Every structure is written in C-alpha cells, then in structure tokens.
Asks: 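I'd like to ask some things about the structure below.
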Protein chains: 2
Amino acid sequence: MNDAMDLRARNKQATREAISHAALRLALEQGPHGLALVRVHDIATAAGVSPRTYNNYFSSREEAICAFQADQSRRAGQALRSRPGDEPLDQAVVAAMVELYTDPEPDKAGLRMIMSTPELEGEALKAFSMAEGPLAEAIAARTGTDPRRDLFPAVTAAAIAGAIRVAGRAWLEPGNTESFATVLRRALSCVVPAAPPEG
Amino acid sequence: MNDAMDLRARNKQATREAISHAALRLALEQGPHGLALVRVHDIATAAGVSPRTYNNYFSSREEAICAFQADQSRRAGQALRSRPGDEPLDQAVVAAMVELYTDPEPDKAGLRMIMSTPELEGEALKAFSMAEGPLAEAIAARTGTDPRRDLFPAVTAAAIAGAIRVAGRAWLEPGNTESFATVLRRALSCVVPAAPPEG
DNA sequence: CCACAACTTGCGTGACGCGCACTATGTGCG
DNA sequence: CGCACATAGTGCGCGTCACGCAAGTTGTGG
C-alpha cells in the first residue's frame with residue numbers, strides 16, 4: 001500500500017486522537033479545579049485502550065489534554081507558507097494565523113481549560129510555542145534572511161506565538177463579545193512588522 | 001520586629017534558595033541527559049532538609065531547578081519601572097532588560113541546562129513567562145494605556161519575554177562569541193516599538 | 001502463505017506528590 | 001520575662017504514576 005498514510009499510521013493517529021479527545025473531555029467534566037480527579041485509568045478506558053497504551057502516546061495527563069492545541073500550532077509554518085509569496089509579511093502572517101486559528105472558531109470551554117488551569121500552564125505554553133520553530137523557518141524563507149545569522153525570524157515567531165496566546169486570554173475574558181478573529185488581528189497588529197529591519 | 005523581612009521570612013527564603021540551588025547543581029552534575037537520575041531525596045539531602053520539606057517548597061524537580069530563572073523574571077516589571085519616565089519605551093525596555101539579565105553575566109552552564117533539556121522545557125517556558133504579567137503592567141503604566149481595553153501592553157510583554165528566550169538560545173549557540181548583552185539588544189530591537197500604535 | 005515489523009497489553013517496580021498529625025522554632029502580648 | 005499562638009520542619013502512609021520488559025495481536029511485503 002502506497003497511501004499517504006497506511007493503515008498502521010491511520011490507526012495510530014486515530015488512537016492518539018481518541019486518547020487526547022477523551023482526556024480533554026474528562027478534564028472539562030471535572031472543571032479546572034478538579035483536574036487531579038481525572039485518573040489515567042479513566043482516560044484510557046474512555047478512549048478504549050489500556051492504561052499502558054495511553055502512555056505509549058503521552059507521558060502525562062497534561063500532555064494528552066493539550067495535544068490538540070499543540071498539533072494546531074505545529075501547522076503554523078505550513079499555514080504561513082501557503083500564503084502568496086508577494087504578500088507583505090505582516091498581512092501574510094495575520095491572514096495565515098486567522099485562518100489557522102479560526103477555522104472553525106475555537107472551542108471556548110476547551111481553550112479556557114487549557115489556558116486558565118494552573119496545572120496545565122507549562123504544557124499550554126509548550127503547545128503554543130511549538131509554532132515557533134516552523135514559523136521562524138517560514139518567515140526566514142519569506143524574507144530571505146538566514147536564521148543562523150539573523151535573530152529576526154526566531155524573535156518574530158516568538159512574538160507571534162505570544163500574541164496568539166494573549167489574544168486567547170483576551171477572547172476568553174468574561175464580557176468579551178468579539179470574534180476570535182477580531183481579537184487575534186488586533187493582537188498581531190501590535191508586533192508584526194511589514195519587513196525586517198535593514199541591517 | 002519590623003524588618004523588611006523578619007527572621008521567619010529570611011529563613012524561609014534561605015531554605016528555598018538552598019533547595020533550588022542544590023537542585024540545579026545536582027542537575028548540572030548529571031548533565032542534560034541524566035535528569036531522571038537526580039532523585040528528590042538527593043536534592044533534599046544536599047540542601048540539608050527532609051524530602052517532605054522539599055516539596056513544601058516545590059512540587060517537582062523541574063520547578064526547583066528553574067526557580068532561579070523564574071525569580072529573575074519576576075523582577076522584570078520592577079526593572080522597567082526603575083527607568084526614567086521620560087525615556088522612550090523601546091530604550092527603557094532594552095536598558096532595563098539588559099541590566100536585569102546581565103548583572104552579572106548569566107551562568108552559561110545553568111542556562112543551557114534549563115533551556116536545552118527537553119524535560120525542563122515546560123518549566124523553562126513558565127519561568128520566562130512569569131515576566132509577562134508585571135512587564136505588561138509596567139508598560140501600561142508607562143504608556144498610559146488601559147491593559148483591560150488595549151492588548152498592546154500584554155502583547156508587547158509577551159514579545160519581550162519571547163525575545164529574551166530567543167536571545168538566550170542564540171547566546172548559547174556553539175561558536176557564539178558575543179556577550180549576552182549584545183545578543184539581547186539585537187533580539188529586543190526586533191520587536192519593541194518606541195510607542196504604541198495610535199488607535 | 002509466511003516471516004517480519006509495529007502496535008497493544010499485563011505485570012512489576014521504583015519514585016513521587018501530598019494529606020495528616022506531631023514537634024520545634026519564631027513572634028507578639030500581657 | 002513567660003505564655004499562648006502562628007508558622008516552618010518532619011515522619012509516615014497512601015494512592016498514583018511512568019516506564020522497562022516480555023508476551024500476545026495485528027498489519028505489511030515478499
């Protein structure tokens with residue numbers, strides 16, 4: 001079989017998603033204050049696998065819960081590359097990130113769980129920061145800068161990831177009525193220049 | 001006793017530092033690949049306290065190892081506030097961060113341990129991101145913007161924290177000969193504007 | 001159809017986080 | 001000065017977890 005993904009790989013990804021989905025669902029049931037009550041055994045059972053299999057995929061509850069967010073961040077580089085090459089950097093970044101993070105509009109409860117549960121803070125930061133590497137490469141390619149000589153790509157990528165995080169926090173703020181796309185645009189406009197500084 | 005810190009508080013901070021210092025030292029002895037060999041019992045013994053006391057202060061090895069970095073980040077807000085109020089934002093940020101993070105020049109081995117050990121990634125990100133809250137407040141105060149209405153302070157704070165992280169990575173790069181202050185200045189110059197966008 | 005590789009599972013082990021109860025050491029007041 | 005109170009340090013025990021190992025099970029390719 002020469003599929004893009006053979007049966008093995010598809011099953012693997014399916015169980016991975018089943019586990020991470022189950023983990024997030026159970027965490028949501030207990031709320032942000034009862035995370036300790038979500039036992040590994042429960043996650044595994046809910047996902048239809050053994051506890052031992054669960055941590056063939058994840059080495060902590062936190063990792064499983066945040067896996068979806070992490071997977072999404074990993075696509076940031078590709079999202080930016082899919083923008084037309086002659087588009088200015090700032091517009092390309094905004095368009096790419098808005099498309100990536102608002103298609104569909106994110107699940108408010110899930111995002112709130114991830115972003116405002118203290119025990120998940122480390123994993124949440126890891127999840128968002130997974131975008132930085134690929135993003136930096138994409139920015140370097142687009143602006144023709146050498147990531148090893150110039151700090152601009154990596155710094156900008158980190159700034160973008162940070163802006164996305166802050167936008168998430170603001171969007172979750174009680175009383176906020178704007179769409180995530182709107183908030184995200186405002187946040188990104190604070191940090192992304194149209195071109196790297198000459199030098 | 002009306003000291004700024006009474007005996008109790010000073011003892012407490014002393015044991016806290018003893019534990020975190022011992023944790024980092026033992027981690028360095030084992031190198032980035034033997035972190036699992038650093039047992040809680042060893043850290044506690046090296047710090048002269050019982051294992052139970054150790055996790056009255058920290059709830060994981062990772063947290064103890066990164067505590068120094070976290071404490072430093074917490075001072076970022078105060079560092080920015082100590083700059084003259086009429087200084088432009090970008091200059092004030094660069095001056096404050098350079099002073100905070102290069103007095104004295106950071107310990108390369110310790111920073112490398114924290115930043116390039118996979119198991120510490122989450123805690124390291126947490127440590128650096130602790131600067132964001134205080135920094136955002138300081139930026140808001142300096143620029144006269146309302147952190148609840150305007151995303152600029154929080155986004156800029158996140159961008160600064162990200163730039164510091166990237167500067168650290170670049171400084172640790174083998175073959176780098178520059179001082180951390182130099183790298184840090186270059187990194188920060190990519191993201192901090194002299195003033196918030198009007199709007 | 002068969003041999004090989006990859007995934008899943010059960011079991012056992014060592015370490016860890018933390019609640020609880022007790023002791024010891026500062027602290028403030030009469 | 002001494003006595004009551006608050007707070008830090010400690011020992012013990014329990015439940016949970018991560019992970020190595022050695023089967024068993026299920027795709028894959030010849």
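Lettering follows sequence order; numbering is per chain, from 1. Treat the numbers as computed from the prediction; the structure is a model and nothing was measured.
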Asks: Expressed in angstrom and rounded to an integer, what is the separation of A:Y57 atom OH from C:dT9 atom C1'?
Replies: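 From A:Y57 OH to C:dT9 C1': 12 Å.
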Asks: Would you say a side-chain N or O of A:R8 is under 4.0 Å from OP1 or OP2 of D:dT28?
Replies: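 A:R8 to D:dT28 OP1/OP2: no side-chain N or O under 4.0 Å.
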Asks: Measuring from the side chain of B:R61 (C-beta onward, heavy atoms only), which nucleotide among C:dA15, D:dG11, D:dT16 has the closest atom?
Replies: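 Comparing C:dA15, D:dG11, D:dT16 against the side chain of B:R61, the answer is C:dA15.
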Asks: With a 4.0 Å cutoff (strictly under), does any side-chain N or O of A:Y54 reach OP1 or OP2 of C:dT8?
Replies: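 For A:Y54, the contact criterion (side-chain N or O under 4.0 Å from OP1 or OP2 of C:dT8) is not met.
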Asks: Please answer whether the main-chain N or O of A:Q69 pairs with a side-chain N or O of A:S73 as donor and acceptor at a distance below 3.5 Å.
Replies: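 Yes; at least one donor-acceptor contact below 3.5 Å.
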Asks: Treating B:S116 as the side-chain partner and B:M113 as the backbone partner, does any N or O pair qualify as donor plus acceptor under 3.5 Å?
Replies: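 It does not hold such a pair.
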Asks: Please round to the nearest 0.5 Å and tell me the distance separating atom CD1 of A:I65 and atom OG1 of A:T117.
Replies: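 Taking CD1 in A:I65 and OG1 in A:T117, the distance rounds to 8.0 Å.
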Asks: Just how far, in rounded Å, is P of C:dG14 from CG of B:D42?
Replies: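 Taking CG of B:D42 and P of C:dG14, I get 16 Å after rounding.
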Asks: Any side-chain N or O of A:T15 under 4.0 Å from OP1/OP2 of C:dT8?
Replies: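 Indeed, a polar side-chain atom of A:T15 lies that close.
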Asks: Nearest to the side chain of A:S59, which nucleotide is it out of C:dT9, D:dC19, D:dC17?
Replies: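 Between C:dT9, D:dC19, D:dC17, the one nearest the side chain of A:S59 would be D:dC19.
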Asks: To the nearest Å, give me how far apart CG (B:N11) and P (D:dA8) are.
Replies: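 The answer, rounded to whole Å, is 10 Å.
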Asks: Kindly check if the number of other-residue, nucleotide or ligand heavy atoms within 6.0 Å of CD (A:E87) is above 12?
Replies: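 Yes, CD of A:E87 has more than 12 neighbouring heavy atoms, counting only those of other groups under 6.0 Å.
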Asks: Whole Å only: how far is the CE atom of A:M5 from the P atom of D:dT28?
Replies: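 From A:M5 CE to D:dT28 P: 13 Å.
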Asks: Round to the nearest Å and state the distance from A:E62 atom CD to C:dC16 atom C1'.
Replies: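 Computing the A:E62:CD to C:dC16:C1' distance gives 14 Å.
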Asks: In whole angstrom, what separates B:N56's CG from C:dT23's P?
Replies: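 Interatomic distance, CG of B:N56 to P of C:dT23: 18 Å.
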Asks: CG of A:N55 versus P of C:dC11: gap in Å, rounded?
Replies: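 It works out to 16 Å between those atoms.
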Asks: Taking the nucleotide of DNA chain C with the closest heavy atom to each, which residue, B:A36 or A:K12, is nearer the 5' end?
Replies: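 Its nearest nucleotide being more 5', the pick is A:K12.
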Asks: B:L37 CG to C:dA15 P: how many Å, rounded?
Replies: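 Taking CG of B:L37 and P of C:dA15, I get 11 Å after rounding.
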Asks: Classify the side chain of A:R52 and the base of C:dG10 as holding, or not holding, a donor-acceptor pair under 3.5 Å.
Replies: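 Such a pair exists between side chain and base.
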Asks: Would you say B:T53 places a side-chain N or O within less than 4.0 Å of OP1 or OP2 belonging to D:dT10?
Replies: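 Looking at the OP1 and OP2 atoms of D:dT10, one of them is under 4.0 Å from a side-chain N or O of B:T53.
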Asks: How long is the straight-line distance from CG of A:L111 back to NZ of A:K108, given to the nearest 0.5 Å?
Replies: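 CG of A:L111 is found 10.0 Å from NZ of A:K108.
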